Each structure stands twice: as structure tokens, then as C-alpha cells.
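The block underneath contains the structure these notes are about, expressed in C-alpha cells.
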Amino acid sequence: MSKFHDKFDSLVWEIVAGIPPGQVMAYGEVARVAGFPRYSRMVSGAMGRAPEPLPWFRVVRSNRTLAFEPGSKSYREQVQLLKQEGVRFEGPRVIAVNPTETLDKMLWGPEV
DNA sequence: CCCTTGACTATCT
DNA sequence: GAGATAGCCAAGG
């Protein structure tokens, strides 16, 4: 039995496992890197089927919010695990340890 | 085979 | 920038 996701799943697991601590990736990014551009929704399924523990908490929505319902058990767990790695929270949005996509830091340098 | 469901996204208001 | 809308695609009923 080889369903479509046999390959997809293992790719996702590999990619997710490769996300460095303090860094986050969107579902769509993972899917795209895996070579399946429109499979963002499938990424969650793949992680749920992972045979061994994955840093699933490093995968967030494209808008940098968490995919779980705020207040839910998984949501709180994810928040804690992320904070534990130094990830900051700006309201519901997560700020990776090294947010290279913001020009502010490049222009103004690390203030803090 | 049609319809619904998701740990989603891009786009428009 | 938040909320609504329309795509998206495999799985399961």
C-alpha cells in the first residue's frame, strides 16, 4: 500500500526535523520546500502521522499565528515550547529568534 | 460519487 | 490590520 503521502510524509518529517531551534516555518513553506506547493493542509496530517517526536511546534501559519485554537491544550503547549527556545510573542504572532525578513533590524540594527 | 472536514493561504473589503 | 471569501487537496462518510 503506497498512498500519495508515503513520500510526502517522510519529506515533511525531514524538513520539520531540520528547523533550527528558535526558528519557525509556515505550513505552506514546508510543503513548498518538500516540492508540493499547494499542500499546506496536508502538512498537518503528515506531522500527526509522524512515527517519532517532531518539533511540530516550530510550524506556524503563514501569518505567524499558531494553527491551534487559542487557549486549547495544544496551543498552550506550543506557546510554552516556543518561548522555551527564546521565541517572543507579539500579541498572537510569533517572532522568531532571528526574524531576517524584517528590514527594521537591517536598517536600525538590533536595538533591544 | 457527492459532501464535509482540516494543525492552510492569498486576496479583497 | 482584522474579518470574510474563495481556492486548495487528500481522506473519510
Side-chain angles (χ1 to χ4, degrees):
Chain A
M1 54 171 269
S2 75
K3 298 186 177 179
F4 109 94
H5 55 250
D6 284 352
K7 193 61 169 287
F8 180 74
D9 282 11
S10 26
L11 284 172
V12 169
W13 300 337
E14 213 175 321
I15 295 166
V16 172
I19 304 175
Q23 189 73 313
V24 297
M25 231 172 148
Y27 292 86
E29 291 183 77
V30 175
R32 180 158 39 75
V33 172
F36 297 78
R38 296 295 183 280
Y39 285 59
S40 50
R41 296 191 101 123
M42 310 297 108
V43 173
S44 54
M47 291 195 288
R49 289 188 293 272
E52 55 179 278
L54 283 181
W56 56 271
F57 52 88
R58 298 188 190 135
V59 183
V60 300
R61 292 210 181 103
S62 60
N63 59 3
R64 306 278 115 161
T65 61
L66 304 191
F68 293 100
E69 173 152 4
S72 67
K73 186 184 179 191
S74 298
Y75 185 94
R76 293 195 304 275
E77 184 181 358
Q78 185 168 16
V79 170
Q80 187 188 331
L81 288 168
L82 286 174
K83 282 185 175 176
Q84 188 176 301
E85 297 190 338
V87 173
R88 299 186 303 104
F89 275 81
E90 194 172 273
R93 307 241 185 101
V94 310
I95 309 296
V97 172
N98 186 7
T100 51
E101 41 239 308
T102 60
L103 295 179
D104 296 19
K105 293 295 173 67
M106 294 179 63
L107 298 176
W108 289 90
E111 304 268 327
V112 190

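Order of the sequence lines sets the chain letters (A, B, ...), proteins ahead of strands, with each chain counted from 1. Only heavy atoms go into these numbers, but all of them, side chains included; no hydrogens, no water, no symmetry mates. Note that the structure is a prediction, hence the values are computed from the model and not measured.
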Whether the side chain of Arg32(A) engages the backbone of Pro37(A) through a donor-acceptor N/O pair (distance < 3.5 Å, no angle test) should be reported.
no
Could you give the CD-to-C1' distance, from Glu90(A) to dA2(C), as a whole number of Å?
15 Å
Quick check: does any side chain N or O of Gln78(A) sit under 3.5 Å from a backbone N or O of Val59(A), one acting as donor and the other as acceptor?
yes
OG-CD distance between Ser10(A) and Glu14(A), expressed to the nearest 0.5 angstrom:
7.5 Å
Considering residues at least two apart in sequence or located in another chain, which fulfil the side chain to side chain contact (heavy atoms under 4.5 Å, CB included) criterion with Gln84(A)?
Gln80(A), Leu81(A)
Between Arg32(A) (CZ) and dA10(B) (C1'), how many Å, whole number?
13 Å
Write out a two-atom table: protein N or O, nucleotide N or O from nucleotides 1-4 of chain B, distance below 3.5 Å.
none

Rounded to the nearest Å, what distance is computed from the CG atom of residue Asp9(A) to the C1' atom of nucleotide dA10(C)?
11 Å
Within this structure, what is the CZ-to-C1' distance between Phe8(A) and dA11(C), rounded to whole angstrom?
14 Å
Using the P atom as the reference point in each nucleotide, state the distance between dA7(B) and dG7(C) in Å, no decimals.
23 Å
Residues passing the side chain to side chain donor-acceptor pair (under 3.5 Å) test with Glu29(A), sequence neighbours excluded, are Arg64(A)
Ignoring hydrogens and angles, tell me if any N or O in the side chain of Trp13(A) forms a donor-acceptor pair with the backbone of Leu54(A) under 3.5 Å.
no
When the C1' atoms of dC1(B) and dG13(C) are compared, how many Å lie between them, rounded to an integer?
12 Å
Give each protein N/O atom lying under 3.5 Å from an N/O atom of nucleotides 6-9 of chain B, with the pair distance.
residue, atom, partner, partner atom, Å
dG6(B), N7, Arg41(A), NH2, 3.4
dA7(B), N3, Tyr27(A), OH, 2.8
dC8(B), OP1, Arg61(A), NE, 2.9
dC8(B), N3, Arg41(A), NH1, 2.7
dC8(B), N4, Arg41(A), NH1, 2.5
dC8(B), N4, Arg41(A), NH2, 3.1
dT9(B), OP1, Tyr27(A), N, 2.8
dT9(B), OP1, Gly28(A), N, 2.8
dT9(B), OP2, Ser62(A), N, 2.9

Output all residues satisfying side chain to side chain donor-acceptor pair (under 3.5 Å) with Arg61(A), sequence neighbours left out; order by chain, then residue number.
Thr65(A)
Residues forming a side chain to side chain donor-acceptor pair (under 3.5 Å) with Ser72(A), sequence neighbours excluded
none
